[in-house]
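Order of the sequence lines fixes the chain letters, A, B, ..., with proteins taken first and strands second; residue numbering starts at 1 for each chain. Hydrogens, waters and symmetry mates play no part in the numbers below; they use all other heavy atoms, side chains included.
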2 protein chains.
Amino acid sequence: MTKHSAGDLALFGGAPLFSRPRPIGQLHTPSFDRFRDKLRAVYSARWLSNGGPMVRQLEQALARRHGVAHCIALTNAGLGLMMLMRLLAEGRHGEVVMPAFTFRGLPHFAVWAEQIPVFCDVDPHTHTLDPHDLDARITPATTCILAVANPYAIGDREGLCAVARRHNVPIVFDSVYGFGATCGGHELGSWGAAEVFSLHATKALNGFEGGYVTTSDDHVARLLRMQRNFALDEDPDLARGHPHVLGLNAKLNELHAAMALVCLEDLPQLFAENRTRYEHYRRAFADVPGVSILRYPSDSVERQNHQMVIAELSAEWPLSREDSLRLFRAEGMAITAHFAPALHQSRHSPPGARGGSLPVAEALARRFLQLPAGDLVDKRDIDAIAALCTFIRNHAGEIRSRLSDMPAAAPALG
Amino acid sequence: MTKHSAGDLALFGGAPLFSRPRPIGQLHTPSFDRFRDKLRAVYSARWLSNGGPMVRQLEQALARRHGVAHCIALTNAGLGLMMLMRLLAEGRHGEVVMPAFTFRGLPHFAVWAEQIPVFCDVDPHTHTLDPHDLDARITPATTCILAVANPYAIGDREGLCAVARRHNVPIVFDSVYGFGATCGGHELGSWGAAEVFSLHATKALNGFEGGYVTTSDDHVARLLRMQRNFALDEDPDLARGHPHVLGLNAKLNELHAAMALVCLEDLPQLFAENRTRYEHYRRAFADVPGVSILRYPSDSVERQNHQMVIAELSAEWPLSREDSLRLFRAEGMAITAHFAPALHQSRHSPPGARGGSLPVAEALARRFLQLPAGDLVDKRDIDAIAALCTFIRNHAGEIRSRLSDMPAAAPALG
């Protein structure tokens with residue numbers, strides 16, 4: 001839909017740019033026939049759940065890929081984090097240090113594990129946990145460090161692990177956004193006590209839903225396997241010896257494993273397509289003042305998944321981020337602010353969580369938007385989004401005037 | 001495999017009765033084509049997860065079936081119980097009273113919700129929570145009563161609800177084993193603050209995996225929907241107003257909803273087949289001394305699912321339950337003791353859980369076995385199992401002698 005005047009914007013009554021919303025997740029879907037054939041195998045084996053052949057095959061393939069001794073497939077990544085934080089606390093009610101600039105579900109997982117979330121500032125370049133600030137926030141009550149990979153930067157893993165070692169505190173890596181990335185040429189997955197990945201449909205490796213933990217620590221792996229299955233184990237003394245390992249149902253189903261196995265085959269092509277999309281975004285936005293596309297580091301040495309496309313709004317951009325979100329969403333872009341607000345300033349963070357002043361996270365949380373990306377977005381869409389931004393900039397005065405006549409936008413969930 | 005002497009028993013080196021293990025779960029599998037067609041719809045909608053059309057359709061169908069205002073579909077029943085116990089505690093660290101004779105995962109779920117499990121004795125006839133003992137175990141610290149339906153008896157719901165009302169304590173019903181049963185001619189689902197059901201493949205309604213909560217309490221339903229989705233809600237003040245509602249990822253995926261929708265259509269036939277199987281068991285074991293099949297109540301008034309078949313060993317039976325389990329398992333029966341040991345005597349129960357002396361639960365926990373049942377068991381199998389039991393009884397002396405030469409059987413997980 002070509003826009004000629006501000007009144008053509010969907011927020012003001014015009015036809016939306018996209019009749020079907022363009023999502024921000026990967027949403028990779030292999031041909032139905034490929035999935036159907038794997039499913040038929042599940043079906044004819046009549047092993048529908050609970051540690052069947054597909055789950056075991058997936059666990060082996062992922063352990064190999066990540067270069068670790070164990071992959072523990074789970075219902076989802078969040079339960080993996082809850083389980084790990086509880087397990088590593090060894091029965092203590094302590095604190096988990098985590099970045100203030102990340103997914104807002106994480107502090108809730110810590111409280112499920114009976115740990116207080118303590119927010120830490122992030123590095124201004126990688127936007128991941130800052131080793132210096134981390135060092136200052138560790139206390140005798142710290143039971144675990146939760147470091148989180150960003151889509152476009154995995155952060156200073158060596159530095160974080162050095163801090164963890166110095167304080168003798170376990171460190172866990174949430175690598176959901178880092179799946180497919182390498183560090184020193186090696187696939188992530190073998191850092192710290194364990195790493196956690198997702199199989200959600202919006203992530204690079206699609207199992208419809210699901211997650212997994214990678215570790216080379218035999219003991220952690222054994223306890224996780226026990227924990228995911230109601231804390232039952234063939235050795236009845238294992239649960240008794242580890243009373244802090246609470247059981248729950250966190251097993252991955254054969255259906256999800258079947259889908260993930262199919263999608264594993266597609267990863268090289270998927271990463272290439274993501275990169276093409278990202279590079280097209282970079283070119284399309286090169287001449288749009290006020291909006292820039294966050295750079296992934298050069299991939300001459302390290303691989304990235306190029307899955308998410310993050311836009312930064314600068315002072316040249318004429319609208320607030322909240323008004324921009326409203327305008328974009330009305331046009332059929334199912335987009336969101338990127339990690340906003342900072343967790344220590346979020347009304348969504350559970351009571352008792354601690355932060356203080358975390359200036360880098362606070363500033364970052366005001367700057368970014370996640371743009372449409374993944375398999376359902378093509379080059380024409382990207383060109384249209386860039387043209388829309390140029391249009392908004394060229395009609396900023398009238399748009400601002402119309403916006404001021406409307407009820408105020410709800411702020412991002414504080 | 002006809003057995004002629006004790007040496008023909010698989011435990012002593014003979015060929016097993018069943019080359020492919022006979023399970024105890026329902027494991028109902030509709031034709032692959034029916035599931036495939038539903039899946040294709042999920043696939044072509046490209047709505048792979050998170051509140052898609054299949055989940056909404058399933059929630060509506062189940063709310064109608066159970067006669068409630070709300071069905072909240074979840075990843076599994078256990079997470080539903082964790083969420084409900086936390087939600088109803090309203091931030092207090094208290095106690096949840098639950099039966100001592102039930103599934104051993106339940107006390108772990110209470111501790112995840114930061115509640116201390118307090119075990120209560122059960123009624124000698126229904127084997128469900130005894131209202132009189134319950135009344136004595138409620139204290140000012142009680143945040144919730146967790147009542148559990150047994151496969152063959154839903155218990156005295158009126159009596160339990162009266163106790164809950166008198167103490168002004170919420171009561172939740174775990175109706176996983178009671179799915180399909182009626183009470184006063186009405187499908188379960190509308191009792192207490194909420195009821196919890198399972199969609200696991202071993203249960204009557206197969207979604208491969210999954211669970212759901214039924215309630216007519218708008219507030220509980222709204223908070224559960226928020227909680228299952230990381231405690232995010234369109235109204236940013238809802239989370240703030242309910243800081244005790246911790247978020248997690250407990251959403252049901254479209255795949256599971258699609259399977260459950262297919263299986264919903266099959267329930268009348270499935271219940272009829274279960275009943276036929278159960279009645280065949282009753283007839284086949286009528287003349288086997290020492291083993292009786294636990295009776296479901298007459299279904300002239302109330303419907304039951306007849307899903308599980310429970311055997312009771314009496315004093316006439318020549319072997320201990322543990323030795324019997326060993327013998328049966330070696331023959332290819334994937335069976336288990338029924339709710340053993342009692343939870344207050346179980347090493348698997350988390351530390352801090354309280355019980356005392358609970359004589360009915362203790363006695364019941366020594367008596368029962370779950371026999372092979374569900375779609376993968378036919379009349380010939382049942383006849384063969386009955387014949388095996390007769391054989392064991394007729395060769396009891398030699399079997400006992402051979403057993404005494406073997407290392408002791410591991411006790412059921414204490």
Can you label the angle between the Tyr43(A) ring and the Phe35(B) ring as parallel, tilted or perpendicular, going by 30° and 60°?
parallel
In short, Glu114(A) meets Val111(B) closest at the heavy-atom pair OE2-O, 3.8 Å
Does the side-chain contact (heavy atoms from CB on, under 4.5 Å) test come out yes or no for Thr75(A) and Glu209(B), once each step is laid out?
CA-CA 10 Å; Thr75(A) 305; Glu209(B) 176 67 274; over 6 Å; no
For a quick test of reading the model, state the closest non-hydrogen atom pair linking Val245(B) to His108(A) and the distance between them.
O-CE1, 4.1 Å
Nearest heavy-atom approach of Arg86(B) to Trp112(A) is NE-CZ3, 3.2 Å
Checked Leu376(B), Asn76(B), Leu81(B) vs chain A; the most non-hydrogen pairs under 4.5 Å come from Asn76(B)
On a heavy-atom basis, which atom in Asn249(B) and which in Phe109(A) lie closest, and how many Å separate them?
N-CE2, 4.4 Å
Top contributor to chain A contacts, counting heavy-atom pairs under 4.5 Å, from Pro243(B), Pro23(B), Gly105(B), Gly91(B)
Pro243(B)
Less than 4.5 Å to any heavy atom of chain B: does that hold for the side chain of Leu79(A), its backbone, both, or neither?
side chain
At a 4.5 Å cut-off on heavy atoms, which part of Leu248(B) comes close to chain A: side chain, backbone, both, or neither?
both
For Pro350(A), is it the side chain, the backbone, both, or neither that has a heavy atom closer than 4.5 Å to a heavy atom of chain B?
side chain
Using a cut-off of under 4.5 Å on heavy-atom pairs, state which of Ala250(B), Gly247(B), Pro107(B) scores highest against chain A.
Gly247(B)
Quick one: of Met82(A), Lys251(A), Arg40(A), His244(A), who has the most non-hydrogen atom pairs under 4.5 Å with chain B?
Arg40(A)
In terms of heavy-atom contacts, Phe230(A) and His348(B) come closest through O-NE2, 2.8 Å
Of the non-hydrogen atoms in Phe208(B) and Leu255(A), which two are nearest, and what is the gap between them?
CD1-CD1, 3.4 Å
